[in-house]
Amino acid sequence: MARKRMFSLSIIDTDKFMDMSTGAQALYFHLGMHGDDDGFVSSPKKIARAAGCNDDDLRILAQKGFIIPFESGVVVITDWGINNTLKNDRYKETIYREERAKISLDDRGRYALISGVEPTWNQNGTKLEPQHNITEHNIAEQNKEREAPTRSPKFKKPTVEEIGQYCREIGSSVDPERFFDYYEGNGWMVGKRHMKDWKATVRNWERREKDERGKDLKGDYGKGSSGYGDMVKLGEPAYDGVFEL
């Protein structure tokens, strides 16, 4: 591990840094001097006591984003990569690999947590507690809702009584038993697709029968046509919105 450490004016010569208490500023320098080659400090509280600082100073550094604390008690200097550069032959990887796996470098070269759980100091500044990031959680839940495919309700075939009741409600002349028997026989299929809305199919059947009654049976559908059933065989009905995809 290198024995020399540096501090960038772009970090310490800012209002954000200078607005902190003198104790927090001094502690930042002490932590920086004790960081390993990846910026991890193993005993931040011990260093704070030795430097005449306290847990409040640690908490201020964490709240201001100058350090990232972990549940293990270890902290990492957020701007370590901006403050320090080391040659490869002098670099020694940190032993805190579990903590290192929880952070990444952003486009400015600063450490940032990549987990949805953000460790922080508790109110007394004496213990590290994980704090769930509610905003990230809500965003994740909203994304799940948007990405979840919308499914149509599962088709439930009607009874003859239900078909008859619906026909009476809309004043339809469709024969409920004939309608039921036809679709019961073909597995409730409309063409090659499963039926989605039997009420819509009843309405379409009604319209087709009205059209059929208004035409010469010797015309378009051929002599001896028995009506709707023959039209289905001829491939006529292909109704949008009444079958399942």
Side-chain angles (χ1 to χ4, degrees), residues 1-140:
M1 184 178 74
R3 307 301 298 176
K4 295 181 180 180
R5 296 304 182 206
M6 296 176 287
F7 300 89
S8 173
L9 285 176
S10 66
I11 304 302
I12 63 175
D13 193 27
T14 61
D15 288 342
K16 180 181 178 181
F17 186 86
M18 298 301 292
D19 284 345
M20 293 191 301
S21 66
T22 55
Q25 294 179 38
L27 182 55
Y28 181 78
F29 291 112
H30 282 282
L31 293 176
M33 293 303 300
H34 285 82
D36 63 16
D37 288 350
D38 284 311
F40 287 87
V41 183
S42 61
S43 305
K45 294 179 182 179
K46 175 182 177 181
I47 295 169
R49 289 193 295 269
C53 303
N54 54 46
D55 290 336
D56 285 339
D57 297 320
L58 276 171
R59 188 169 63 252
I60 290 173
L61 289 174
Q63 291 173 345
K64 293 291 186 179
F66 288 101
I67 62 172
I68 299 174
F70 296 93
E71 193 172 0
S72 61
V74 174
V75 301
V76 67
I77 310 297
T78 305
D79 300 297
W80 184 260
I82 299 175
N83 288 333
N84 296 274
T85 55
L86 290 174
K87 295 181 179 180
N88 291 336
D89 59 347
R90 300 179 62 187
Y91 168 75
K92 183 177 180 181
E93 184 181 6
T94 184
I95 62 174
Y96 302 106
R97 296 182 180 179
E98 183 177 348
E99 289 79 4
R100 180 64 182 86
K102 296 179 181 179
I103 57 176
S104 63
L105 288 173
D106 63 17
D107 54 1
R108 293 174 296 172
R110 304 177 75 245
Y111 283 133
L113 283 168
I114 59 177
S115 172
V117 177
E118 298 186 17
T120 184
W121 299 102
N122 65 8
Q123 292 182 353
N124 296 324
T126 57
K127 181 181 179 182
L128 284 168
E129 294 179 344
Q131 179 176 322
H132 192 69
N133 189 316
I134 297 176
T135 301
E136 290 184 1
H137 173 75
N138 289 341
I139 292 175

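The structure displayed is predicted, hence computed values, not measured ones. Sequence positions, counted from 1, serve as the residue numbers for this chain. No hydrogens, no waters, no symmetry mates; every other heavy atom, side chains included, goes into these values.
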A.B. asks: Taking all non-hydrogen atoms of both residues, which atom of Leu58 and which atom of Ile67 are closest, and how far apart?
C.D. replies: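 So the minimum-distance heavy-atom pair works out to O-CD1, 3.8 Å.
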A.B. asks: Does the Trp80 side chain pair with the main chain of Asp37, one donor and one acceptor, at a distance under 3.5 Å?
C.D. replies: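 Yes, because the side chain of Trp80 sits within donor-acceptor range (under 3.5 Å) of the backbone of Asp37.
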A.B. asks: Let me confirm one number: the CE-CD distance from Met20 to Gln63, rounded to the nearest 0.5 Å.
C.D. replies: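 Answer rounded to 0.5 Å: 11.0 Å.
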A.B. asks: To the nearest 0.5 angstrom, please state how far the CZ atom of Arg108 sits from the OG1 atom of Thr78.
C.D. replies: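 These two atoms lie 10.5 Å from each other.
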A.B. asks: Give the C-alpha distance, both sets of side-chain angles, the deciding distance and a yes or no for side-chain contact (heavy atoms from CB on, under 4.5 Å) between Arg5 and His34.
C.D. replies: CA-CA 9 Å; Arg5 296 304 182 206; His34 285 82; over 6 Å; no
A.B. asks: Could I get the full list of side-chain hydrogen bond (donor to acceptor under 3.5 Å, both in side chains) partners for Ser10, not counting sequence neighbours?
C.D. replies: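 Checked Ser10 against side-chain hydrogen bond (donor to acceptor under 3.5 Å, both in side chains); matches are Ser8.
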A.B. asks: Quick one: list whatever passes side-chain hydrogen bond (donor to acceptor under 3.5 Å, both in side chains) with Thr94, sequence neighbours left out.
C.D. replies: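 side-chain hydrogen bond (donor to acceptor under 3.5 Å, both in side chains) list for Thr94, sorted by chain: Asp36.
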A.B. asks: Ser104: what forms a side chain to side chain contact (heavy atoms under 4.5 Å, CB included) with it, not counting sequence neighbours?
C.D. replies: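 Partners of Ser104 under the side chain to side chain contact (heavy atoms under 4.5 Å, CB included) test: Ile114.
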A.B. asks: Looking at every non-hydrogen atom in both residues, tell me the closest pair between Val41 and Leu31 and how far apart they are.
C.D. replies: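 Nearest pair, atom of Val41 first, then Leu31: CG2-O, 3.5 Å.
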A.B. asks: Please name the pair of heavy atoms, one in Met6 and one in Asn84, separated by the smallest distance, quoted to 0.1 Å.
C.D. replies: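 Here Met6 and Asn84 meet closest at N-OD1, 2.8 Å.
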A.B. asks: By ring pair (Phe, Tyr, Trp, His ring centres under 6.0 Å), which residues pair with Phe66, not counting sequence neighbours?
C.D. replies: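 Phe66 satisfies ring pair (Phe, Tyr, Trp, His ring centres under 6.0 Å) with Phe17, Tyr28 only.
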A.B. asks: How close do Ser72 and Glu99 get, counting heavy atoms only, and between which atoms?
C.D. replies: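 Smallest heavy-atom distance, with atoms named: OG-OE2, 2.7 Å.
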A.B. asks: Determine the minimum heavy-atom distance between Ala24 and Ile60, stating which atoms define it.
C.D. replies: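 The answer is CB-CG2, 4.1 Å.
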A.B. asks: Counting only N and O atoms by type, is there a donor-acceptor contact under 3.5 Å from the side chain of Asp38 to the main-chain atoms of Phe40?
C.D. replies: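 Here the side-chain-to-backbone pair does not exist.
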A.B. asks: Looking only at non-hydrogen atoms, find the nearest pair between Phe7 and Ile12 and report the distance.
C.D. replies: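 Shortest heavy-atom contact: CB-CD1, 4.2 Å.
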A.B. asks: Provide the full list of side-chain hydrogen bond (donor to acceptor under 3.5 Å, both in side chains) pairs with a residue in residues 11-21, sequence neighbours left out, each pair given once.
C.D. replies: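 For residues 11-21: Ser21-Asp57.
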A.B. asks: What's the spacing between Tyr111 OH and Asp106 CG if we round to 0.5 Å?
C.D. replies: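 Going from OH on Tyr111 over to CG on Asp106, the span is 11.5 Å.
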A.B. asks: Are the side chain of Arg100 and the backbone N or O of Ile103 linked by a donor-acceptor pair below 3.5 Å?
C.D. replies: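 Checked: pair present.
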A.B. asks: Atom CD1 in Ile77, atom CG in Asn83: separation rounded to 0.5 Å?
C.D. replies: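 So the gap between those two atoms works out to 8.0 Å.
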A.B. asks: If the condition is side chain to side chain contact (heavy atoms under 4.5 Å, CB included), which residues does Arg97 pass it with, not counting sequence neighbours?
C.D. replies: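 With neighbours one apart ignored, the set is Glu93.
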